[in-house]
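Everything below concerns the one structure shown next.
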Amino acid sequence: ASGQMEKAHALVERAAGLDPEHDAVLHARWVLANLAGNDVEAQRLAKARVARSPDDPDALAALAAEFLYVGQHSRARRAFGASVRADVAAARDSQVEMPLRIATHWALVPLIPLRRYGLFPVALAGIIVVNVAVRLGPGWLGLPLAGTWFLYCIYSWVAPPLVEWHVRRS
């Protein structure tokens, strides 16, 4: 497989010799940087494509994919939205933008730790905080903290489907 990457790099460099700033060359370099796992270079190339042609839906989608990969969901949603506005017929971008609109909704901000770290570490942190508060603080502090944790758990089950229903409806 490494031989194929070298061949692809050689082809792209040959094309770059003809026109280094051509969109196809920048796109091929972006694809190769992604395949090689070079995130910094891929994001730089995606930004260069958008700077070169800010209304190109493919360049905006590439930039959005880079933002999504590094966990910048709000910026990815804006870039996918711009891509959809640049080419309304780009159904793939609108299909990606809707889940991003849902994931970045203000009502789901309290659930960011669950999305970022997963259920087990967040639950373990909640249990540790409640136990430490009961053992080191006043005895009555455990009940409000445990109640808050219980309400957070209920919220994490109820809020996402309600937000999805609300966003899809509007």
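For the numbers below, each heavy atom of this structure counts, side chains included, while hydrogens, waters and symmetry mates do not.
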Which donor-acceptor pairs under 3.5 Å do side chains of residues 32-39 form with protein atoms, sequence neighbours excluded?
| from | atom 1 | to | atom 2 | distance (Å) |
| --- | --- | --- | --- | --- |
| Asn34 | ND2 | Glu66 | OE2 | 3.2 |
| Asn38 | OD1 | Glu41 | N | 3.3 |

Which pair of non-hydrogen atoms, one from [X] and one from [Y], has the smallest distance, and what is that distance?
| X | Y | result |
| --- | --- | --- |
| Trp30 | Ala42 | CD1-O, 3.1 Å |
| Ala59 | Val50 | O-CG2, 3.4 Å |
| Ala79 | Ala64 | CB-CB, 3.5 Å |
| Thr104 | Ser74 | CG2-N, 3.8 Å |

Residue set satisfying ring-ring contact (aromatic ring centres under 6.0 Å, His included) with Trp149, at least two apart, ordered chain then number -> Tyr152
Would a 4.5 Å heavy-atom cut-off, applied to side chains only, mark Arg168 and Ile102 as touching? yes
For atom OH of Tyr155, is the number of surrounding heavy atoms from other residues, nucleotides or ligands below 6.0 Å larger than 12? yes
For His105, the side chain to side chain contact (heavy atoms under 4.5 Å, CB included) test, sequence neighbours excluded, returns Ala107, Val163, His166, Val167
Enumerate donor-acceptor pairs with a distance under 3.5 Å from any side-chain N or O in residues 111-125 to protein atoms, sequence neighbours excluded.
| from | atom 1 | to | atom 2 | distance (Å) |
| --- | --- | --- | --- | --- |
| Arg115 | NH1 | Ala103 | O | 2.8 |

Reported [atom1]-to-[atom2] distance for the pair [X] and [Y], which is rounded to 0.5 angstrom:
| X | Y | atom1 | atom2 | answer |
| --- | --- | --- | --- | --- |
| Arg49 | Leu26 | CZ | CG | 7.0 Å |
| Glu13 | Glu6 | CD | CD | 13.0 Å |
| Arg29 | Leu45 | CZ | CG | 7.5 Å |

Could you see if Val109 belongs to whatever hydrophobic cluster contains Leu162? Use Ile, Leu, Val, Met, Phe, Trp, Tyr and a side-chain cutoff under 4.5 Å. no
So which pairs with a foot in residues 39-79 pass ring pair (Phe, Tyr, Trp, His ring centres under 6.0 Å), sequence neighbours left out? none
Side-chain atoms of residues 127-144: list all donor-acceptor pairs with protein atoms under 3.5 Å, sequence neighbours left out, distances to 0.1 Å.
| from | atom 1 | to | atom 2 | distance (Å) |
| --- | --- | --- | --- | --- |
| Asn131 | ND2 | Ile127 | O | 3.3 |

Quick one, His27 with Val31, criterion side chain to side chain contact (heavy atoms under 4.5 Å, CB included). Give me CA distance, side-chain angles, the key distance, then yes/no. CA-CA 6 Å; His27 178 73; Val31 168; 3.7 Å; yes
